*Asks:* 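My questions will all concern the structure given below.
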Amino acid sequence: MARWLVKTEPEECGIDDFARDPETPIPWDGVRNYQARNFLLEMAVGDEVFIYHSSCKHIGVAGIVKVARAAYPDPAQFDPGSPYHDVKSSEEKPRWKAVDMIFQRKLNSLIPLDELKGTAGLEDLALVKRGSRLSVMPVSDAHWQIILQQEKNSLR
DNA sequence: GCCAACGTTGGC
DNA sequence: GCCAACGTTGGC
């Protein structure tokens, strides 16, 4: 099983939106970057995913969701009314993908970005690298465990 | 294929 | 709101 991290603006779709209806998968759409899309394509049902809140008051890792449906053509790319519409994409040759994700749990407390940056062992995580704009990224087992350990540490 | 211009991301 | 960093576009 692989593990991932995705960025989102909580105003748009944060961990609380998953928690509100924990039995219902939510489409993860609107990814319009090739590197991020390629990671979406690698996701398998059951993979665990950190939800990271960006561009907001409390920036950091907020919770965990699971992949509920593997990659399929993102419907938004065909919708002229959508901000994610892509005129260069077609039903025959869809360019962009979506996956569905479902709630797993909220972290006991949000792990802020500056804590992630200050933690030994996370230097290689794309998230903490300067200028990184990648919105979907793999998380190694080691990185995953370090971040969960931070959650435990914050309880003390 | 190069690269300047442009639009977007995202922390601050 | 600012702006640095980045990805994409399009002329050549």
Side-chain angles (χ1 to χ4, degrees), chain A residues 2-20 26-43 47-67 70-101 103-140 142-151 153-154:
Chain A
R3 287 168 165 144
W4 310 90
L5 181 146
V6 297
K7 295 179 184 174
T8 179
E9 299 185 15
E11 322 274 308
E12 192 72 25
C13 180
I15 193 66
D16 288 330
D17 294 288
F18 285 95
R20 192 169 301 123
I26 297 179
W28 202 260
D29 58 5
V31 171
R32 293 295 179 268
N33 167 284
Y34 287 103
Q35 198 182 353
R37 181 207 62 184
N38 291 342
F39 286 134
L40 287 184
L41 283 166
E42 291 180 34
M43 288 184 181
D47 282 2
E48 292 181 310
V49 185
F50 278 135
I51 295 290
Y52 172 87
H53 288 174
S54 69
S55 298
C56 59
K57 185 163 185 186
H58 300 292
I59 297 168
V61 177
I64 301 172
V65 298
K66 274 184 140 176
V67 177
Y72 58 95
D74 179 352
Q77 68 193 312
F78 311 124
D79 177 5
S82 167
Y84 301 123
H85 183 230
D86 185 346
V87 288
K88 292 178 181 169
S89 191
S90 66
E91 308 252 1
E92 298 74 42
K93 288 187 73 177
R95 179 180 289 196
W96 304 112
K97 300 289 176 175
V99 301
D100 289 353
M101 301 200 195
F103 184 70
Q104 181 158 309
R105 67 180 183 92
K106 286 183 75 165
L107 297 195
N108 298 312
S109 64
L110 178 131
I111 302 172
L113 176 60
D114 54 1
E115 259 184 53
L116 297 169
K117 282 182 173 171
T119 299
L122 291 182
E123 298 86 355
D124 294 337
L125 187 65
L127 183 74
V128 304
K129 293 199 175 160
R130 191 181 60 124
S132 169
R133 289 165 49 175
L134 188 59
S135 62
V136 179
M137 68 190 75
V139 177
S140 70
H143 288 160
W144 188 271
Q145 295 307 329
I146 290 170
I147 293 169
L148 288 186
Q149 187 60 46
Q150 282 182 280
E151 181 193 20
N153 292 345
S154 70

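Protein chains get the first letters and strands the later ones, always in sequence-line order, with residue 1 at the start of each. A quick note: this is a predicted structure, and the numbers were derived from the prediction, not measured.
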*Asks:* So if I take every side-chain heavy atom of A:K117 and compare against B:dC12, C:dT8, B:dG10, which nucleotide ends up nearest?
*Replies:*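 The nucleotide sitting nearest to the side chain is B:dC12.
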
*Asks:* Give the residues of residues 56-63 of chain A touching DNA chain B, defined as any heavy atom closer than 4.0 Å, sorted by residue number.
*Replies:*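 Those residues whose heavy atoms fall under 4.0 Å from DNA chain B, taken from residues 56-63 of chain A in numerical order, are A:I59.
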
*Asks:* Classify the ring geometry of A:W4 against A:F39: parallel below 30°, tilted from 30° to 60°, perpendicular beyond 60°.
*Replies:*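 The rings of A:W4 and A:F39 sit tilted, inter-plane angle from 30° to 60°.
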
*Asks:* Any ion pair linking A:R95 and A:D86 (charged N to carboxylate O, less than 4.0 Å)?
*Replies:*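 Yes, this pair counts.
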
*Asks:* Give the rounded distance in Å between these two atoms: NE2 of A:H53 and P of B:dG11.
*Replies:*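 For the pair A:H53 NE2 and B:dG11 P, the rounded distance is 12 Å.
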
*Asks:* Quick one: does A:H58's side chain have a donor or acceptor within less than 3.5 Å of a partner on A:H53's backbone?
*Replies:*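 Judged by distance alone, no pair lies under 3.5 Å.
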
*Asks:* Closest to the A:N33 side chain: C:dG7, B:dG10, C:dG10?
*Replies:*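 Nearest listed nucleotide: C:dG7.
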
*Asks:* Between A:Y34 (OH) and B:dT8 (C1'), how many Å, whole number?
*Replies:*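 Atom-to-atom, A:Y34 to B:dT8, this comes out as 16 Å.
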
*Asks:* Given C:dT9, B:dG10, B:dG11, identify the nucleotide with an atom nearest to the side chain of A:K88.
*Replies:*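 Among the listed nucleotides, the one closest to the side chain of A:K88 is C:dT9.
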
*Asks:* Could you tell me if A:Q149 and A:N153 have a donor-acceptor pair between their side chains, going purely by distance under 3.5 Å?
*Replies:*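 The criterion, which ignores hydrogens and geometry beyond distance, is satisfied for A:Q149 and A:N153.
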
*Asks:* Could you walk me through whether A:R20 and A:D17 pass the salt bridge (charged side-chain N to carboxylate O under 4.0 Å, His left out) check?
*Replies:* CA-CA 5 Å; A:R20 192 169 301 123; A:D17 294 288; 2.9 Å; yes

*Asks:* As a test of reading the structure: which of C:dT8, C:dG10, B:dG11 is closest to the side chain of A:S54, going by heavy atoms?
*Replies:*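 Minimum distance to the A:S54 side chain belongs to B:dG11.
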
*Asks:* What is the distance, to the nearest angstrom, from the CG atom on A:D114 to the C1' atom on B:dG10?
*Replies:*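 So the two atoms are 15 Å apart, to the nearest Å.
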
*Asks:* Please tell me if A:R130 has a side-chain N or O lying less than 4.0 Å from either OP1 or OP2 of C:dA5.
*Replies:*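 A:R130 to C:dA5 OP1/OP2: side-chain N or O found under 4.0 Å.
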
*Asks:* What is the distance, to the nearest angstrom, from the CG atom on A:L116 to the P atom on B:dG10?
*Replies:*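 In whole Å, B:dG10 P and A:L116 CG are 15 Å from each other.
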
*Asks:* Taking atom P of C:dG7 as reference, at what distance in whole Å does atom CG of A:N38 sit?
*Replies:*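 The answer, rounded to whole Å, is 14 Å.
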
*Asks:* What's the CD-P distance between A:Q35 and C:dG7, to the nearest Å?
*Replies:*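 After rounding, the gap between these two atoms is 7 Å.
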
*Asks:* When you check the phosphate oxygens OP1 and OP2 of B:dG10, does a side-chain N or O of A:K7 lie under 4.0 Å from one of them?
*Replies:*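 True: A:K7 side-chain N/O within range (under 4.0 Å) of B:dG10 OP1/OP2.
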
*Asks:* Using ring pair (Phe, Tyr, Trp, His ring centres under 6.0 Å) as the criterion, point out the one residue from A:F78, A:Y72, A:Y34 that pairs with A:W96.
*Replies:*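 Result: among A:F78, A:Y72, A:Y34, A:Y34 is the only option passing the ring pair (Phe, Tyr, Trp, His ring centres under 6.0 Å) with A:W96.
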
*Asks:* Sub-3.5 Å donor-acceptor pair from the side chain of A:Q104 to the main-chain atoms of A:E48, do we have one?
*Replies:*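 Not at all, since once roles are kept as given, no pair shorter than 3.5 Å links the two residues.
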
*Asks:* Please state how far atom CD in A:E9 lies from atom P in B:dG10, giving the value in whole angstrom units.
*Replies:*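 To the nearest whole Å, that distance equals 8 Å.
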
*Asks:* Rounded to the Å, how far apart are A:D86 CG and C:dT9 C1'?
*Replies:*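 Between C1' of C:dT9 and CG of A:D86: 13 Å.
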
*Asks:* Any side-chain N or O of A:Y52 below 4.0 angstrom from OP1/OP2 of B:dT9?
*Replies:*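 No.
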
